[in-house]
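Convention: sequence-line order gives letters A, B, ...; per-chain numbering from 1.
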Number of protein chains: 2
Amino acid sequence: MSKAGDQYAVLPVAKAMQVFAYVASQAHDVTLTEVVQALDMPKTTVFRYLQTLSAAGLFSHNIEQDRYGVGERFRELARLDAVYHSLRSTAQGELDKLVGGFRETVNLAVLSRSDIVYVDIREANRSQRFQARIGHRNPIHSTSLGKAIAAFLPEEQVQGLPVNFEPRTYRTVADARTFRRHVDDARRRGYAIEIGENEDGIACIGVPILDGYGYPIAAVSLSAPDNRMKTLVDRAAEALQEASRRITAALPQISLRGGV
Amino acid sequence: MSKAGDQYAVLPVAKAMQVFAYVASQAHDVTLTEVVQALDMPKTTVFRYLQTLSAAGLFSHNIEQDRYGVGERFRELARLDAVYHSLRSTAQGELDKLVGGFRETVNLAVLSRSDIVYVDIREANRSQRFQARIGHRNPIHSTSLGKAIAAFLPEEQVQGLPVNFEPRTYRTVADARTFRRHVDDARRRGYAIEIGENEDGIACIGVPILDGYGYPIAAVSLSAPDNRMKTLVDRAAEALQEASRRITAALPQISLRGGV
DNA sequence: CCCTCTTTTTTCGTGAAGCGAAACACGGTC
DNA sequence: GACCGTGTTTCGCTTCACGAAAAAAGAGGG
């Protein structure tokens with residue numbers, strides 16, 4: 001494989017990845033010597049990589065047979081990536097359609113601990129200063145994205161959410177009761193609204209994206225200055241829900257349960 | 001994570017795996033500084049790991065945005081593993097049932113280049129000396145496993161098989177014509193037979209395992225001394241086909257195409 | 001348009017630590 | 001019981017990974 005030329009390559013890492021790729025592409029669990037012969041590396045070196053990768057959980061080491069195979073941690077990461085990858089790629093077209101139809105900013109976000117994380121953002125209007133960026137976090141309680149996801153989370157998981165009710169504007173939801181009401185409303189309605197609770201003058205309407213098991217793995221939202229938003233709430237909610245349904249349909253049938 | 005105590009751990013590899021896990025578990029493509037902050041590692045170090053992992057194809061480096069994400073090579077390996085893992089785990093019970101029902105050795109194998117590779121083996125009779133082991137290879141043309149798979153491969157792929165017709169016993173198929181006939185017979189019949197062509201005195205009957213797209217990703221076989229085999233060909237073929245169908249049904253709906 | 005701040009890339013000398021030969025231990029097999 | 005073919009362990013020698021700090025490349029902002 002390419003190893004010269006990549007001037008910043010860290011050799012142990014590059015070689016360990018060769019081992020990784022070999023083991024992962026075998027249908028059976030492999031032995032130390034098998035890897036050594038296949039990759040023509042010193043026994044000690046391969047031994048150490050196998051140990052290291054096993055310790056990291058990417059491999060599982062079957063002690064009684066002295067065989068190494070792909071580990072559960074790797075499979076978790078792979079499942080997570082499969083879902084997220086599919087989410088982003090199928091959402092792409094839908095986001096484009098939405099931003100094209102409304103000429104307002106459209107966001108895609110997932111839940112991560114007590115925050116929502118922006119995964120994709122399409123700005124209709126590049127002059128806005130405050131827009132979020134990919135990877136940025138916002139609280140659950142101050143965004144329509146967060147409320148939309150919370151609304152469709154299993155009850156016990158909503159309880160467990162570490163919401164801190166940190167105020168973002170003077171309108172930010174400040175206590176559990178109000179939050180609860182907003183979330184219940186969102187569940188009943190099928191979409192969440194947020195008016196200047198995260199950023200003054202900006203309103204948002206958010207819709208969850210459910211996976212095949214009804215679990216809200218993400219949310220899409222449309223955000224606009226609140227005067228403009230008033231006139232298009234209904235149309236936007238409808239369009240967002242349609243987009244969400246289409247994204248759900250294209251998602252792989254994989255459950256994430258505790259994987260996040 | 002555990003890093004002390006693992007006396008053979010190679011630090012660069014272990015740390016690179018932390019980076020790997022972080023990137024893979026984010027829903028969005030990440031930036032260098034984001035990883036640095038999240039993992040609290042020196043910037044240069046993380047930079048090098050990201051470069052190394054990108055060079056290995058496990059990550060993709062989005063140059064214009066300077067973001068790193070999971071790469072296609074990783075996804076390939078993940079798909080491959082998902083299929084193989086599922087294959088082995090769902091085959092397990094079926095193999096047990098077969099060996100219990102017939103008291104003969106049962107094998108599970110996949111195709112790898114010009115060989116079949118044993119993935120699981122259940123020996124009814126531990127006194128046999130010649131049995132294959134997990135990971136061992138045998139030629140396609142001398143085994144019922146190979147012929148069963150070849151019989152259900154797309155035509156152009158059968159042509160491309162680098163079969164060398166190396167003789168294993170005096171009965172081994174020695175030319176393309178005969179091989180062709182055996183394979184065609186197997187396709188017609190739904191199972192392949194092999195009588196002393198791989199090992200004197202041992203006969204085998206093999207059935208392909210198709211994935212959801214009809215592609216033969218593996219094969220199961222029952223092998224027995226040929227005198228015993230005579231009396232149970234029909235029953236065995238039936239049982240193997242039943243097992244194969246059940247395994248297929250439990251396989252994930254993922255296509256492997258050129259991934260092997 | 002230039003200036004400034006942020007983020008990524010490059011350089012470089014030091015010394016920690018990865019390397020691999022070879023020796024050891026272990027479990028089968030003849 | 002001696003002999004493979006395994007997987008571990010040790011050990012001394014460099015190698016090569018490390019991270020500070022500087023340079024380059026972008027992104028805003030005045």
Check your understanding: Is a donor on one side and an acceptor on the other found under 3.5 Å between the side chain of Arg67(A) and the backbone of Ile134(B)?
Key -> yes
Please report, rounded to the nearest Å, how far the [atom2] atom of [N] is from the [atom1] atom of [X].
| X | N | atom1 | atom2 | result |
| --- | --- | --- | --- | --- |
| Leu53(B) | dA17(D) | CG | P | 13 Å |
| His61(B) | dT8(C) | NE2 | P | 9 Å |
| Tyr49(A) | dG7(D) | OH | P | 18 Å |
| Arg133(B) | dG5(D) | CZ | C1' | 12 Å |
| Leu11(B) | dA17(C) | CG | P | 7 Å |
| Asp66(A) | dA25(C) | CG | C1' | 13 Å |
| Gln51(B) | dC18(D) | CD | C1' | 16 Å |
| Arg67(B) | dT9(C) | CZ | P | 13 Å |

Practice item. Can you figure out which of dG7(D), dT9(C), dG20(C) approaches the side chain of Lys15(A) most closely? Key: dG20(C)
Point to revise | Residue Tyr68(A), side-chain heavy atoms: nucleotide from dG19(D), dT8(D), dA17(D) that is nearest | key: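 Nearest to the side-chain atoms of Tyr68(A), counting from C-beta on, is dT8(D).
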Study note, to complete from the structure: Of Arg48(B) and Phe47(A), the one whose closest nucleotide on DNA chain D sits nearer the 5' end is Phe47(A)
**Study point:** Residue mapping more 5' on DNA chain D - nearest nucleotide basis, Val10(A) or Thr33(A)
**Key:** Thr33(A)
Review point. Below 4.0 angstrom from OP1 or OP2 of dT8(D), is there any side-chain N or O of Tyr8(B)?
Key: no
Point to revise | Phosphate contact (dC19(C) OP1 or OP2) by Thr45(A) side-chain N/O below 4.0 Å | key: no
Point to revise | Ring geometry between Phe59(A) and Phe20(A) (parallel below 30°, tilted from 30 to 60°, perpendicular above 60°) | key: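 Judged by the thresholds at 30° and 60°, the geometry between Phe20(A) and Phe59(A) is parallel.
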Check your understanding: When the ring planes of His61(B) and Tyr68(B) are compared, do they come out parallel, tilted or perpendicular, using 30° and 60° as the limits?
Key -> parallel
Practice item. Starting from the C-alpha separation in whole Å, work towards a yes-or-no answer on side chain to side chain donor-acceptor pair (under 3.5 Å) for His136(A) and Glu34(B). Key: CA-CA 10 Å; His136(A) 282 192; Glu34(B) 187 184 338; over 6 Å; no
Exercise for review: Answer with yes or no whether Thr44(B) presents, from its side chain, a donor or acceptor under 3.5 Å of a partner atom in the base of dA20(D).
Suggested key: yes
Review point. Checking only heavy atoms, does the side chain of Lys43(A) share a donor-acceptor pair with the base of dG7(D) at less than 3.5 Å?
Key: yes
Review point. Any side-chain heavy atom of Val220(B) within less than 4.5 Å of one from Leu95(B)?
Key: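 SC-SC contact between Val220(B) and Leu95(B) confirmed.
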